[in-house]
Amino acid sequence: MNCKEFFLNDIVALALYNPDKTTISPPFNVDNIAKLDTLTLPSPFKQIKTNASGDGVIEALGDTFPCKVTYAKSNVRYLYTYNIEITLSPNNKASNLLHASDYADDFLMVATTAEGKRYLIYTAPFTFDMNLVFETASTALKISAMSMSNFIPLPDE
């Protein structure tokens, strides 16, 4: 097994979607999906954005936040591990929308870059994990998930 890592450094928004309310083809367990045949996304369960405004949108501190992706090849299959760490303001009332009961759920994610490009992170079932780490000056939102595919480009909105 060999491992490599890369980053999508200029994420300005991350939307979380309930996979039970999403229509996607092909299924998550197809290796290295580069294009989707079908994608229907409901309203996002949660949205995290830099320079956020709007009800229920969680504001991230800073101009962007990175997504670190490590992938390993075992025989002919790839497994991608996504790690996203977002710094939130400790006074951000919308971060209270991230309740402990939400953490047990699986979510699909759509990352939006500063250039407006969108990418689906097609999370494998039971691999999504989200934790809040509270510190004096800020709160860190740590998200990790696994997928059988790299970032999947989505069409422009």
Side-chain angles (χ1 to χ4, degrees), residues 1-50 52 58 60-88 95 98-135 138-157:
M1 179 184 295
N2 62 11
C3 293
K4 295 185 180 183
E5 71 181 28
F6 58 94
F7 294 85
L8 187 57
N9 284 316
D10 58 349
I11 297 174
V12 297
L14 186 71
L16 306 178
Y17 294 91
N18 183 329
D20 295 337
K21 298 178 181 176
T22 304
T23 305
I24 299 179
S25 177
F28 78 91
N29 58 349
V30 173
D31 288 5
N32 290 316
I33 299 168
K35 181 180 168 232
L36 298 172
D37 298 327
T38 304
L39 175 65
T40 305
L41 296 170
S43 295
F45 178 75
K46 302 279 190 244
Q47 292 185 77
I48 304 144
K49 296 181 178 182
T50 59
I58 300 163
L61 295 178
D63 295 328
T64 62
F65 44 92
C67 179
K68 176 182 174 184
V69 182
T70 305
Y71 70 95
K73 183 178 180 183
S74 175
N75 297 327
V76 296
R77 298 183 73 94
Y78 285 91
L79 182 62
Y80 295 82
T81 303
Y82 293 84
N83 289 294
I84 304 169
E85 187 168 333
I86 305 166
T87 304
L88 306 174
S95 65
L98 297 167
H99 301 292
S101 62
D102 298 337
Y103 301 169
D105 293 329
D106 277 325
F107 293 103
L108 303 175
M109 297 179 279
V110 173
T112 304
T113 66
E115 296 82 31
K117 302 287 185 196
R118 298 180 320 133
Y119 297 91
L120 176 68
I121 301 171
Y122 200 173
T123 308
F126 310 110
T127 66
F128 182 91
D129 187 47
M130 182 168 61
N131 294 294
L132 285 169
V133 178
F134 298 97
E135 298 175 5
S138 64
T139 300
L141 174 62
K142 296 182 179 190
I143 298 173
S144 65
M146 293 180 162
S147 177
M148 300 296 292
S149 297
N150 193 356
F151 293 104
I152 302 170
L154 297 177
D156 294 336
E157 287 188 302

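Keep in mind that this is a model prediction, so the values were computed, not measured. All residue numbers in this chain count up from 1 along the given sequence.
- Annotation: the span from Ile121 atom CD1 to Asn150 atom CG amounts to 9.5 Å, rounded to 0.5 Å.
- Shown here for Ile33 and Ile152, the closest heavy-atom pair between the two residues is O-CG1, 3.5 Å.
- The line from CD1 of Ile86 to CD1 of Ile143 is 4.5 Å long, rounded to the nearest 0.5 Å.
- Distance CG/Leu154 to OG1/Thr112: 8.5 Å, rounded to 0.5 Å.
- A perpendicular orientation is assigned to the rings of Phe128 and Phe107, their planes being inclined by more than 60° (bins at 30° and 60°).
- The two residues Ala124 and Asp106 have their closest heavy-atom pair at O-OD1, 4.3 Å.
- Of the listed residues (Leu141, Ile84, Asp10, Thr87), just one forms a side chain to side chain contact (heavy atoms under 4.5 Å, CB included) with Phe65, and that residue is Ile84.
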Result block: side-chain N/O donor-acceptor pairs under 3.5 angstrom for residues 15-32, not counting sequence neighbours:
residue, atom, partner, partner atom, Å
Asn18, OD1, Asp20, N, 2.8
Thr22, OG1, Asn18, O, 2.8
Asp31, OD1, Arg77, NH2, 3.4
Asn32, OD1, Tyr80, OH, 2.7

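- Residue Lys142 holds its NZ atom at 9.5 Å from CG of Asn83, rounded to the nearest 0.5 Å.
- Across all non-hydrogen atoms, the minimal contact from Ala60 to Ile48 is CB-CG2, 4.1 Å.
- Within the 4.5 Å cutoff, the side chain of Leu79 has heavy atoms near those of the Met148 side chain.
- Closest non-hydrogen pair, Pro153 versus Tyr119, comes out as CA-CD2, 3.8 Å.
- When all heavy atoms of Ile11 and Ala13 are compared, the closest pair comes out as CG2-O, 3.2 Å.
- Lys46 NZ to Met130 CE: the interatomic distance, rounded to the nearest 0.5 Å, is 7.5 Å.
- For Asp63, the side-chain contact (heavy atoms from CB on, under 4.5 Å) test picks out no residue, with sequence neighbours left out.
- Put simply, CD1 on Ile58 and NZ on Lys49 are 11.5 Å apart, with the number rounded to the nearest 0.5 Å.
- Contact check for Thr113 versus Thr64: no side-chain heavy atoms found under the 4.5 Å cut-off.
- Contact between Ser149 and Ser147 at its shortest, heavy atoms only, is N-OG, 3.0 Å.
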